[in-house]
Every structure is written in structure tokens, then in C-alpha cells.
Amino acid sequence: MTQHEATAAADATAGHTPADDAPPQGDAADTGPLDAGVGPAPPADGGGQPGPAGRRGRVGRLTVQGWIHVVLTANVLLVIVCGVAGGLLQQRADERAQDLSDRIQPLASSLYQLKTSLVDQETGVRGYVLSGDAAFLEPYTSGQRTENDRYAGVTARIGDDARLGADLRAIRTATQDWRTHQAEPLIAAARRGEKVSEAKLRAGKDTFDVTRGRFTRMERDVSDLRASTRASVDDTRRLRDIALLALLAGFVAGSVALTVLLRRIVGRPLALLEAAATEVSTGAFDQPIRLNGPRDLQSLVTAVEAMRCRIVTALAATRSRAAQLEARTTELDEQTLELKRSNAELEQFAYVASHDLQEPLRKVASFCQLLEKRYGDQLDDRAKQYIAFAVDGAKRMQVLINDLLTFSRVGRVGDEQAEVALDEVLDGALANLSTSIEEAAVDVERPPSLPTVSGDPNTLTMLWQNLIGNAVKFRSPARPCRIAIGVERADDTWRISVQDNGIGIEPEFQEKVFIIFQRLHSREEYEGTGIGLALCRKIVEHHGGQITLDDTVTEGTRVFFTLPVHPSDTTSNEPDAAPHDPEGATA
């Protein structure tokens, strides 16, 4: 009996009518039509001692979640009961079906094979007795050799079945009696050359017919066992199907009950809430939302009303921010125009630096040299030294201007993004440095192949040229110069290294060397402007990578820089990172 049936029976016993079960008007669980814009009615006061009406009031005060929990709990219990019953029945059916296929069917087959073997033995004995041909005894002798194995197979499949065990023992007794009293004497007489009478042959056949009868009875018992097992499997499956149908029916009933319940206590109030929310969404943000319904829906309405208030507040703030954003957009447009103008001025400055600023420097250096050449015999050593200082300063100023111009143009002028084979740009850099490499007898080791990346071939050539040129310039006089290039892939990035065995860089200066015009040695020791590694950093970062120094190297310097993998590069294996000495790369 369900909970509702028990409640109805109790009410009928107490003399209540169905009209008594109606909740009082204004109850919090009222499922009739609800009005939007009206505040919630006060709950009915049961008062007095809790009786049937009080119990109905408590049930009526269930929230939507409570009603859903009741229906779902009933469904869960039904699923558990029917599922356990169906599972047990299925397990029982599987066990019976497995017993039928793994024991009873093989038992029938083994019994048939045993019977066939014994019939062949009996036929062979009679054939030998009648003909005297020893070939007829082959089924008899071979059957005796395998008889025990066949009996063992039948016995193993009988198990603890007493009736089949008794049948098998009767077969074995009858077989032994036939072999002892009929088969062996007949065979012995035939071997002695005695003529066997027809009566003895008939007596042997009659004795073996007893064995046949025992087989017939056991086959009938096995057939009965097979039929009863099949009937048990069918009955168990029928009960399982009934349990599954009950489960399905319970699901359907629970779904219908849940649908009706949700329609009455959720659908109608939510429809009214939707109408009120639609009115607010059309622009009536100042219209408050109120609803009379269950307690949890009242909480929902309260949350929606709070959200409406926050929306009104946020809308005002958004409008204020929109005005500020518009003002900032105008300001950014003005700054963009200013930036374009500034870039145009930088372009003009680059032109002036490359042409107009260098022309006076060339004139200063030329006239100073001309002055020294024409009036050199009239100048003392101090004057000649001053002229040399002026010429050297003008030339260094030209170099600084050219380096600064090159640095400013990276990523801004002549930047053509294309597929660049690092092998090709490395070959170009080595060709540019071929003279210094040959003079210093530098050994350059490189991997068999370098990847293809996306970038500017000119700036990438400049990158290789600066890194290898630094390795050649700052070589150690105590050992032959050796430069090793390596590459490996890490996810979507190529990690490339350039290592030398030169004088190295102290750890405290490893970040300073990437700053423009920063030098670690005097001009008398090593020439240059101190812009090489700063230019390398700008080139690498413009291509989306990073450049660092390896602080774990104890001899020389190792520079790491990364470049993104080209989108068309589907190679999953890394290139061979082991360096080799390509033809023409070693001087």
C-alpha cells in the first residue's frame, strides 16, 4: 500500500471527506493559479494538538525540492528492488544456462560416445568369432584402452546427481558382466579354433542388450534433466522480464507523477515569473517583481528581485563607464595619430643619421687626414696625436651611428615574414665571416639540418653573424677556437644553442651584455660598439623568441635562443642535434 493510499484509508476511518483534505486558502503550498505583483499570504495556523489536518498541513508545506525528493526516492527504491530482483533472476538463469551448456549437453555427448564405443566393441567381438579375422578385434582392444577415460569424463559431468550416478554404475556393472561372461570366453574359444554355436552368440547379444537398456534409461534421465533445466531457465527469464516490466511501469508512473507535480507547483508560478521578468526585460527596470507561491519559489523571486536591483545599479554604472570609454577612445585616437607622426619623425631621423649626420663626420676625418698629409712635416708629435684622436673619434662616431640605425630598423624596416631555412641563413653568415674564420682557424660544428621558421631572412642572417662573430672575436689565445651549434624541439618552440670555448662571460655580467652600448672590455683589447648582443635580443624577441646565456658553462660561452615552430612544420621528431663538421664550415 502506498503512502497516499494509507493516508486516504486513515482519513476514511476518521470520518473525513475529500473536501476536508483541501489546504486552506493562502497556504504556502497552494497549487492553484498564482498572481504576480501580490505579496505572499500568511501561512495557515493549524493550532491545537497535531491531528490528521495538521499532518496534511505539514505535507502541504513541502517545498518543490521536497516533492521531487519524494517521487525520486520512490523511483530509486523501485529501481533498487526491481534491479536486485532482476539481477538475482538473471544470475540464476545464467547459472542454469551455463550448467546446461557446460555440463548437461557435454554429458549427453560423452554418454553417446561411451555407448558407441561399447557397441563397436560388441560388434567387433561377434565379427571376430564369426570370421576369425583378428582385425575385427581392433575396436574391442582400442575401446578398452579409452574406456576408463570415457567413464571418467561422464562421471565428472554427472557431479553429485545421485540418479545419474546410479545409472552409470549400472551401465558399468552390466558392461563388466558382458565382458567377463560373454566377450572374453568367446574370444578365447575363437583363438583356440573352436567353432562357436549360434546359441552362444545369441546369449552374448542378449547379455549386451542389458547394457543397451541401461544406456537407454540413462539417456532418458539425461534428457529429462536437460528438459527440466531448460524449463527452469525459461521460468527464471520470464520472472526477470516481469521484474523489468515492473521497473519500466514504475518509471513511467513516476515520470507522469513528477510531470504533473512539476506542472502544478513549478510550471504555473514560473510562467507568472516569466511574464514579470519579460516586462522588466522590455525596459521596465523600475518595476518590482513579486510572486505568491511555494517557499523555494519565493526565495527564487527574492533572488531575481535582488538581481534586478543590481542590474539597475550596474546599468547606471555602465552608462557612466561608457561615457568614460568614449572619452578614452577619442584620446587613444589622438595618441595613435601622434604615434604615427612620431614614427614618421623616426624615419626621418634614420635618414638623417644615415646620410646627413655621416657626411660632416666623413669631412672631419678626411680633412684631418689631409691636414696631416700636407703639413705633417710642420707638426710635432703632439699635433699628430691630436689629429689621430680626431680621425678615430669621427670613425667611431660613424660606426655608432650605423649600429644605432641598424638597431632601430629591426622589426620596422624591411621586415618580410616568410619561410626561412636556418641552414641557408647560417651559410650566408658563415660566408660573410669567412675571412675572420679562416684567419682564426675556427672549427665550426653544426647539426646535419636546421629547421625552417617564419621570419625575416636578413635579420636572421644578422643574428647568426653577430653570435658567431662574437665567438670568433672573443676567442681564447690559449686553445684553438671551436664553435658548436645545436638545436632541439620543445613543444612548439625550437631551442638553438651557439657555444664556444673562448674567454667566456662572468655570471654577474650575463644580463648586462644584452644592454645596448654596454662593453665589458676596453676598445684597446677588443674593437666594437657593444651593440651586438642587444641587436640579437631585439631580433629574437621580434620573432617571438627569447635569448639567454647558459650560466652552467665553465669554459667559454653558450648562448640559447628560441624561435617558434613554423605552422606548416608537422615533424614530430626533433632534428638531429648532434653537430658535425660540414664541408666549408671549418677553416
Side-chain angles (χ1 to χ4, degrees), residues 85-129 136-187 201-243:
L88 293 176
L89 292 173
Q90 181 64 41
Q91 181 181 4
R92 182 180 177 185
D94 293 341
E95 291 175 353
R96 294 296 179 87
Q98 185 176 5
D99 184 58
L100 181 64
S101 62
D102 295 348
R103 187 177 70 89
I104 298 176
Q105 294 287 9
L107 173 60
S109 177
S110 299
L111 184 63
Y112 176 77
Q113 294 175 359
L114 178 61
K115 179 181 177 181
T116 302
S117 175
L118 291 176
V119 170
D120 291 342
Q121 291 182 44
E122 193 269 341
T123 303
V125 170
R126 285 194 295 112
Y128 175 68
V129 171
F136 282 100
L137 284 180
E138 197 278 331
Y140 181 78
T141 56
S142 63
Q144 282 185 310
R145 288 194 300 269
T146 62
E147 185 174 332
N148 288 332
D149 293 338
R150 297 184 185 277
Y151 274 118
V154 174
T155 302
R157 291 182 171 87
I158 288 176
D160 56 357
D161 193 314
R163 185 175 63 174
L164 296 179
D167 291 341
L168 184 62
R169 287 192 296 273
I171 290 173
R172 198 160 192 171
T173 301
T175 302
Q176 187 64 32
D177 181 66
W178 166 77
R179 182 175 286 113
T180 302
H181 297 93
Q182 297 296 331
E184 294 295 339
L186 289 175
I187 293 172
L201 288 175
R202 187 178 302 109
K205 182 177 181 302
D206 293 339
T207 303
F208 190 78
D209 286 342
V210 176
T211 302
R212 293 177 188 269
R214 298 291 188 271
F215 269 107
T216 301
R217 188 173 69 177
M218 186 170 181
E219 288 173 344
R220 184 172 60 252
D221 292 341
V222 171
S223 179
D224 293 342
L225 176 61
R226 180 167 50 196
S228 63
T229 302
R230 286 178 177 173
S232 176
V233 170
D234 294 338
D235 293 339
T236 304
R237 288 175 176 172
R238 192 177 302 108
L239 291 176
R240 178 205 62 191
D241 295 339
I242 293 174

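Applying the salt bridge (Lys or Arg N to Asp or Glu O under 4.0 Å) criterion to R217, with sequence neighbours excluded, gives D167.
Contact between V210 and A174 at its shortest, heavy atoms only, is CG1-CB, 4.2 Å. Contact record, L111 with V154: N-CG2, 4.0 Å, taken as the closest heavy-atom pair. The two residues Y140 and I187 make their nearest non-hydrogen contact at CE2-CD1, 3.7 Å. Minimum interatomic distance between F208 and E122 (heavy atoms only, all atoms of both residues): CG-CG, 3.4 Å. When all heavy atoms are compared, the tightest approach of V222 to A108 is CG1-CB, 4.0 Å. The minimum heavy-atom distance between R172 and Y151, with the atom names listed, is CA-OH, 3.6 Å.
Here the options are R150, R179, R212, the test is side chain to side chain contact (heavy atoms under 4.5 Å, CB included), and the partner is L118; only R179 passes.
Under the 4.5 Å side-chain criterion, counting only non-hydrogen atoms from C-beta, T216 is in contact with R220. Side-chain contact between M218 and L114 is absent, with no heavy-atom pair separated by less than 4.5 Å.
Checking side-chain atoms of S228 against main-chain N and O of D224 turns up a donor-acceptor pair under 3.5 Å. For T180 (side chain) and D177 (main-chain N/O), no donor-acceptor pair under 3.5 Å exists by modelled atom type. No donor-acceptor pair closer than 3.5 Å links the side chain of S117 to the backbone N or O of Q113.
We find that D241 and R238 are not joined by a salt bridge, their nearest charged nitrogen and carboxylate oxygen being 4.0 Å or further apart.
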K205 and D209: CA distance, side-chain angles, deciding distance, salt bridge (charged side-chain N to carboxylate O under 4.0 Å, His left out) verdict: CA-CA 6 Å; K205 182 177 181 302; D209 286 342; 3.6 Å; yes
